[in-house]
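Each remark here refers to the structure printed beneath this line.
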Amino acid sequence: MELIISVKGNKYTVQDKGQSRILYTVKKKGFGAGRYVLLDTSNYNLYSLVQTGEDRKPSFIITHNDASIMQLSCKSMFLDPTISVEGKDLSKNDIKYSLTSKDHRDFEILREDSKVGSVKTKVTMSKDLQYELEIDNNIFDDYIPLFAVAIDLTFGEMNKNV
């Protein structure tokens, strides 16, 4: 599955790359670090990404019905930039992903040390960031676009200035 995640201020739109139809919208709720909610086309709240740390290495949680299901932690900002994801899916199965990069722009998505996808950062003509997310169809779940949002919140300012 290939998705395009476009950033406009505090709003992200997630489109199917092949059909160019909007699948999800991610909007910021609240002030400060805030909460980003993933909405489907009917504006139903599927998941939320909540920033839990604003130190040098940001951390986040993904919630479903206000219950934390996954923890995302930035392990490194500069040397081998990495965000680790650990938690349980809705079926209570353990999940462990790593979002790894060499340049904080193009990331590989690893699940249990096997590559299952990628996130590539692009800068549009209007200097906004856009993310191309490719993920194995058997691995895809609705929360996966939030990985690109976490990458944007962690590395976005750095990538705008490159």
Side-chain angles (χ1 to χ4, degrees), residues 1-54 58-74 81 83-91 95 97-99 101 104-109 111 116-162:
M1 172 172 272
E2 295 182 43
L3 303 174
I4 302 290
I5 296 107
S6 301
V7 184
K8 290 281 188 205
N10 289 326
K11 182 180 175 183
Y12 300 80
T13 54
V14 182
Q15 292 180 282
D16 183 327
K17 186 175 181 180
Q19 300 176 359
S20 297
R21 63 186 171 108
I22 294 178
L23 302 175
Y24 307 101
T25 304
V26 180
K27 295 180 181 176
K28 183 176 183 183
K29 298 288 182 182
F31 298 101
R35 164 188 212 95
Y36 291 82
V37 294
L38 177 71
L39 306 167
D40 66 7
T41 54
S42 302
N43 278 334
Y44 180 75
N45 184 352
L46 299 170
Y47 293 94
S48 296
L49 179 75
V50 181
Q51 190 164 350
T52 57
E54 290 192 46
S59 58
F60 308 90
I61 57 171
I62 293 178
T63 63
H64 178 71
N65 293 333
D66 293 325
S68 175
I69 60 168
M70 285 178 225
Q71 175 107 22
L72 290 80
S73 303
C74 178
I83 297 176
S84 70
V85 181
E86 294 183 16
K88 297 188 181 289
D89 63 14
L90 297 180
S91 302
I95 293 178
Y97 289 99
S98 290
L99 311 173
S101 177
H104 61 74
R105 295 178 64 79
D106 297 332
F107 287 80
E108 287 186 345
I109 302 173
R111 183 170 180 171
V116 295
S118 64
V119 178
K120 296 187 186 315
T121 305
K122 307 287 181 193
V123 180
T124 65
M125 297 295 272
S126 60
K127 301 294 182 198
D128 291 319
L129 294 178
Q130 188 177 68
Y131 298 89
E132 293 181 4
L133 188 148
E134 188 175 319
I135 188 82
D136 185 327
N137 286 341
N138 296 329
I139 300 296
F140 181 79
D141 202 329
D142 291 327
Y143 59 79
I144 296 287
L146 291 175
F147 291 178
V149 175
I151 289 170
D152 183 64
L153 294 173
T154 304
F155 301 103
E157 285 303 314
M158 236 186 281
N159 290 333
K160 283 182 185 176
N161 299 322
V162 173

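- Using a 4.5 Å heavy-atom threshold, the side chains of Val14 and Thr25 count as separate.
- In this structure the side chain of Val26 never reaches within 4.5 angstrom of the side chain of Lys11, judged on heavy atoms.
- Note that CE of Met70 is 5.0 Å distant from CD1 of Ile62, once rounded to the nearest 0.5 Å.
- Interatomic distance, Ile83 CD1 to Ile109 CD1, rounded to the nearest 0.5 Å: 10.5 Å.
- Minimum heavy-atom separation, Ala150 to Leu72: CB-CD2, 3.8 Å.
- Proximity of Tyr97 to Ile144: side-chain heavy atoms (C-beta onward) are separated by under 4.5 Å at one or more points.
- Minimum interatomic distance between Gly156 and Tyr131 (heavy atoms only, all atoms of both residues): CA-OH, 4.1 Å.
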Run the side-chain contact (heavy atoms from CB on, under 4.5 Å) test on His104 and Asn159 for me, step by step, so that the C-alpha distance in whole Å, both residues' side-chain angles and the decisive distance to 0.1 Å come before the verdict.
CA-CA 7 Å; His104 61 74; Asn159 290 333; 2.7 Å; yes
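- The two residues Ala148 and Val119 come nearest to each other via the heavy atoms CB-CG1, 4.4 Å.
- In this structure, Leu129 and Thr124 have side chains that are not in contact, with every pair of non-hydrogen atoms separated by 4.5 Å or more.
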Could you go step by step and tell me if Leu49 and Leu153 meet the side-chain contact (heavy atoms from CB on, under 4.5 Å) rule?
CA-CA 11 Å; Leu49 179 75; Leu153 294 173; 4.1 Å; yes
Give the intermediate values and the outcome of side-chain contact (heavy atoms from CB on, under 4.5 Å) for residues Leu39 and Lys27.
CA-CA 8 Å; Leu39 306 167; Lys27 295 180 181 176; 4.1 Å; yes
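- Here the shortest heavy-atom pairing between Val37 and Ser48 reads CG1-OG, 3.4 Å.
- Between Tyr24 and the options Thr13, Asp142, Thr41, a side chain to side chain donor-acceptor pair (under 3.5 Å) holds for only Asp142.
- Using modelled atom types, no side-chain atom of Asn65 and backbone atom of Ala67 make a donor-acceptor pair closer than 3.5 Å.
- A donor-acceptor contact closer than 3.5 angstrom links the side chains of Thr52 and Ser59.
- Looking only at atom types and distance, the side chain of Tyr12 has a donor-acceptor partner in the side chain of Asp152 under 3.5 Å away.
- Relative ring orientation between His64 and Tyr47 is described as tilted, the plane-to-plane angle lying within the 30° to 60° band.
- Shown here is Lys29, whose NZ atom has no more than 12 heavy atoms of other residues, nucleotides or ligands within 6.0 Å.
- The closest side-chain heavy-atom distance from Glu2 to Asp16 is not below 4.5 Å.
- Taking the side chain as every heavy atom from C-beta outward, Leu23 and Gln15 never approach each other to under 4.5 Å.
- Taking CG from Asp106 and OG from Ser101, the interatomic distance works out to 6.5 Å, rounded to the nearest 0.5 Å.
- In this structure a side-chain-to-backbone donor-acceptor pair under 3.5 Å is present from Thr121 to Arg105.
- No side-chain heavy atom of Phe147 sits under 4.5 Å from any side-chain heavy atom of Ile5.
- In this structure the side chain of Asn45 never reaches within 4.5 angstrom of the side chain of Leu38, judged on heavy atoms.
- In this structure, Leu46 CG and Asn43 CG are separated by 10.0 Å, a value rounded to the nearest 0.5 Å.
- At a threshold of 4.0 Å, the pair Asp128-Lys122 does not count as salt-bridged, since none of the basic side-chain nitrogens sits closer than that to a carboxylate oxygen.
- Taking CD1 of Ile95 as the reference point, atom CD1 of Ile69 lies at 6.5 Å (rounded to 0.5 Å).
- Contact record, Gln71 with Ile61: OE1-CG2, 3.9 Å, taken as the closest heavy-atom pair.
- Ser6 places no side-chain N or O within donor-acceptor distance of the main-chain N or O of Gln130, the cut-off being under 3.5 Å.
- Put simply, CD on Glu134 and CD1 on Ile4 are 10.0 Å apart, with the number rounded to the nearest 0.5 Å.
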Worked check of side-chain contact (heavy atoms from CB on, under 4.5 Å) between Phe60 and Val149
CA-CA 11 Å; Phe60 308 90; Val149 175; over 6 Å; no
